[in-house]
Visitor: 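Sharing a structure, written as structure tokens. Questions coming.
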Amino acid sequence: GGRDAWCQVFEATDDAGWCRARAGGLTRTLVAGPGHLLDLVEFEAEAECWMDLPWHFNGAIVIESPGRWESVEWSEPFTAGAERFVPESPDAIAIRVGRPGVAALSARLLAPGAELLRIIAPGLPGGREQQPFLLLRSFGQTARWATVIDIAPAGSQRSVTALALG
């Protein structure tokens, strides 16, 4: 385990940095700058398989994109209440995460061919509360997903308003 995982490249400056790592058919690129984190996940497998990318945000998760939630079958241990988000458009899904006394965090998920699930599971270590988390999931041989986490104030010149894969 781990013999096929390595950091391909990285660079850091005073106000930004980036790295790209590989593990088998998975490549993950992270780019951090003032107020933002870009996460690009690229996956290529020899045979079809499940690909899951969990997002455990610590706060109240609100999906701001138009759409609806529908119940789904889910039988993984320690989880309950699984729902699938059915967006009204193929655009990136906008998310806001809030906690009392802390500035809101926003995120945009763009994952063509994937479904977004919301599942209840145990929360932070040492805590007793169940918390929802988000899971991007697809079945296939390839995937290319992008996420931007934005801590810039909403409506500011630095806030992210769109996300596209080129």
Side-chain angles (χ1 to χ4, degrees), residues 1-2 5 7 17-24 26-43 49-89 91-140 143-156 158-161 163:
C7 177
W18 73 283
C19 69
R20 175 176 288 147
R22 286 191 66 93
L26 176 72
T27 301
R28 193 163 196 182
T29 304
L30 298 170
V31 180
H36 303 95
L37 175 69
L38 171 66
D39 181 11
L40 178 62
V41 175
E42 299 167 288
F43 182 72
C49 61
W50 283 105
M51 176 158 171
D52 295 341
L53 179 63
W55 284 103
H56 293 269
F57 294 110
N58 186 19
I61 301 169
V62 176
I63 305 296
E64 296 182 326
S65 296
R68 69 182 193 291
W69 290 100
E70 61 184 27
S71 295
V72 294
E73 294 279 329
W74 188 260
S75 61
E76 295 297 321
F78 309 107
T79 64
E83 300 173 292
R84 174 188 306 115
F85 184 68
V86 181
E88 290 182 9
S89 79
D91 298 335
I93 297 172
I95 300 166
R96 180 151 311 274
V97 181
R99 286 181 32 210
V102 178
L105 171 90
S106 66
R108 294 194 182 268
L109 307 177
L110 185 58
E115 60 184 1
L116 178 64
L117 303 178
R118 178 173 60 191
I119 305 166
I120 307 297
L124 294 173
R128 296 175 187 235
E129 289 185 34
Q130 298 279 307
Q131 292 184 330
F133 73 96
L134 300 177
L135 179 72
L136 286 174
R137 177 168 236 229
S138 72
F139 186 79
R144 188 166 190 243
W145 300 342
T147 303
V148 172
I149 297 176
D150 184 357
I151 58 171
S156 74
R158 290 190 171 193
S159 65
V160 175
T161 58
L163 178 62

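Atoms considered below: every heavy atom in the structure, side chains included; atoms not considered: hydrogens, waters and symmetry mates. We count residues from 1, following the sequence as given.
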Visitor: Mind listing the closest non-hydrogen atom pair of Arg99 and Gly59 along with its distance?
Guide: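 So the minimum-distance heavy-atom pair works out to CG-CA, 3.4 Å.
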Visitor: With a 3.5 Å distance limit and no angle check, can you tell me whether Thr27 reaches the backbone of Arg22 through a side-chain donor-acceptor pair?
Guide: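 Checked: no pair found.
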Visitor: Sequence neighbours left out, what pairs pass ring-ring contact (aromatic ring centres under 6.0 Å, His included) with at least one residue falling in residues 108-129?
Guide: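 Counting only pairs at least two positions apart or across chains, no ring-ring contact (aromatic ring centres under 6.0 Å, His included) contact touches residues 108-129.
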Visitor: Could you give the distance from CG (Leu109) to OG1 (Thr147), rounded to the nearest 0.5 Å?
Guide: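 The CG atom of Leu109 sits 4.5 Å away from the OG1 atom of Thr147.
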Visitor: Can you name the nearest heavy-atom pair linking Ser65 to Ala94, along with the distance?
Guide: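 Heavy atoms only, the tightest pair is OG-N, 2.7 Å.
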Visitor: Determine, step by step, whether Glu76 and Leu135 satisfy the side-chain contact (heavy atoms from CB on, under 4.5 Å) criterion, reporting the C-alpha distance in whole Å, the side-chain angles of both residues, the deciding distance to 0.1 Å, and the verdict.
Guide: CA-CA 13 Å; Glu76 295 297 321; Leu135 179 72; over 6 Å; no
Visitor: If you take all heavy atoms of Trp74 and Leu117, which pair is closest and at what distance?
Guide: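 Between these two residues, the closest heavy atoms are CZ3-CD1, 3.8 Å.
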Visitor: Is it true that Glu115 and Arg137 make a salt bridge, defined as a side-chain N closer than 4.0 Å to a carboxylate O?
Guide: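 Answer for the salt bridge query: no.
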Visitor: Rounded to the nearest 0.5 Å, how far apart are CD1 of Ile93 and CG of Leu136?
Guide: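 Atom-to-atom, Ile93:CD1 and Leu136:CG are 7.5 Å apart.
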Visitor: Pair up each side-chain donor or acceptor in residues 118-126 with any protein partner under 3.5 Å, not counting sequence neighbours, and list the distances.
Guide:
| residue | atom | partner | partner atom | Å |
| --- | --- | --- | --- | --- |
| Arg118 | NE | Glu83 | OE1 | 3.1 |
| Arg118 | NH2 | Glu83 | OE1 | 2.7 |

Visitor: Pair Thr29, Trp18 - check side-chain contact (heavy atoms from CB on, under 4.5 Å), show working.
Guide: CA-CA 7 Å; Thr29 304; Trp18 73 283; 4.3 Å; yes
Visitor: How close do Ala104 and Arg96 get, counting heavy atoms only, and between which atoms?
Guide: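 Nearest pair, atom of Ala104 first, then Arg96: CB-NH1, 3.5 Å.
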Visitor: What distance separates Arg108 CZ from Asp91 CG, expressed to the nearest 0.5 Å?
Guide: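 Reported value, rounded in 0.5 Å steps: 9.5 Å.
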Visitor: Would Ser138 and Phe43 count as a side-chain contact (heavy atoms from CB on, under 4.5 Å) here? Give the steps.
Guide: CA-CA 11 Å; Ser138 72; Phe43 182 72; over 6 Å; no
Visitor: Write down the atom of Trp69, the atom of Leu116, and the distance for their closest heavy-atom approach.
Guide: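 Closest approach of Trp69 to Leu116: CZ3-O, 4.0 Å.
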Visitor: Rounded to the nearest 0.5 Å, how far does CZ of Phe85 lie from CZ of Arg68?
Guide: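 Between Arg68 CZ and Phe85 CZ, I get 9.5 Å after rounding to 0.5 Å.
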Visitor: Within the supplied structure, the quantity of interest is the number of heavy atoms (other residues, nucleotides, ligands) at a distance under 6.0 Å from Glu70 CD; does it exceed 12?
Guide: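 Yes.
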Visitor: Considering non-hydrogen atoms only, spot the tightest contact between Phe133 and Trp55 and give its length.
Guide: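 Looks like CB-O, 3.6 Å.
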Visitor: Look at atom CD1 of Ile63 and say whether more than 12 heavy atoms of other residues, nucleotides or ligands are closer to it than 6.0 Å.
Guide: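 Counting neighbours around CD1 of Ile63, more than 12 heavy atoms of other residues, nucleotides or ligands fall under 6.0 Å, so yes.
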Visitor: Rounded to the nearest 0.5 Å, what separates atom CZ in Arg20 from atom CD in Glu42?
Guide: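 Taking CZ in Arg20 and CD in Glu42, the distance rounds to 6.5 Å.
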